[in-house]
Asker: 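Below is a structure I'd like to ask you about.
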Amino acid sequence: MATRYEGGCLCGAVRYVAEAEPVNQRVCHCRLCQRAIGAAFNARVLFRADDVSMTGPFATYNSSTDLKRGFCPTCGTTVFSARDSAGIMGITTGSLDDPGLFQPTTHFYTASKQAWLHLEDGLEQFEDRPPG
Ligand SMILES: [Zn+2]
Ligand SMILES: [Zn+2]
């Protein structure tokens with residue numbers, strides 16, 4: 001049985017559930033994620049978009065033509081990023097009810113990693129997009 005990933009925004013208006021095997025679990029250090037999340041990096045669990053059930057009045061903003069960011073229009077929490085052309089949706093791990101479910105394997109776009117942050121967790125790293 002797949003793990004149940006459940007969470008939502010700060011005010012509780014936007015909620016999601018995904019009971020599926022994630023596509024991958026990675027931390028993105030690109031500048032677009034940093035700005036969109038308003039934090040040093042975007043730790044996210046990636047799912048097939050079909051596996052995520054998102055409820056509530058979320059809004060989206062396209063940070064690039066092919067990538068939209070989903071957030072709560074009331075409290076502003078960034079809940080997901082989605083690439084419709086690939087059918088994938090990345091859930092922000094800070095929005096998980098149980099952030100301990102996050103099991104990252106990889107850091108990517110480390111070329112734009114914030115300078116104060118030292119990655120000493122032994123996970124694989126890629127300066128830009130991971131292969132595959
Ligand atoms: Zn909210
Ligand atoms: Zn990114």
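Order of appearance sets the numbers: ligands from 1, and atoms from 1 within every ligand. All heavy atoms count here, side chains included; hydrogens, waters and symmetry mates do not.
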Asker: With the Zn ion (ligand 2) at the centre, find the angle made by SG from C30 and SG from C28, to 10°.
Answerer: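 That angle works out to 110° after rounding to 10°.
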Asker: Between D98 and R4, does any side-chain N to carboxylate O distance fall below 4.0 Å?
Answerer: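 So D98 does not pair with R4 through a salt bridge.
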Asker: So that I know where these two stand, are H29 and F41 an aromatic pair - ring centroids less than 6.0 Å apart?
Answerer: yes
Asker: Could you tell me whether the Zn ion (ligand 2) has an N, O or S atom of C33 under 2.8 Å away?
Answerer: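 Of the N, O and S atoms in C33, at least one lies under 2.8 Å from the Zn ion (ligand 2), which means yes.
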Asker: If you have a sec, read the angle at the Zn ion (ligand 1) from C75 atom SG over to C72 atom SG, to 10 degrees.
Answerer: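 Taking the Zn ion (ligand 1) as the apex, the two atoms subtend 110°.
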Asker: Evaluate the side-chain proximity of F58 to F80: yes if any heavy-atom separation is below 4.5 Å, no if none is.
Answerer: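 The answer is yes, as the side chains (C-beta and beyond) meet within the 4.5 Å cut-off.
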Asker: For residues Y5 and I91, determine if any side-chain heavy atom of one lies less than 4.5 Å from a side-chain heavy atom of the other.
Answerer: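 Heavy-atom side-chain distance check fails, nothing below 4.5 Å.
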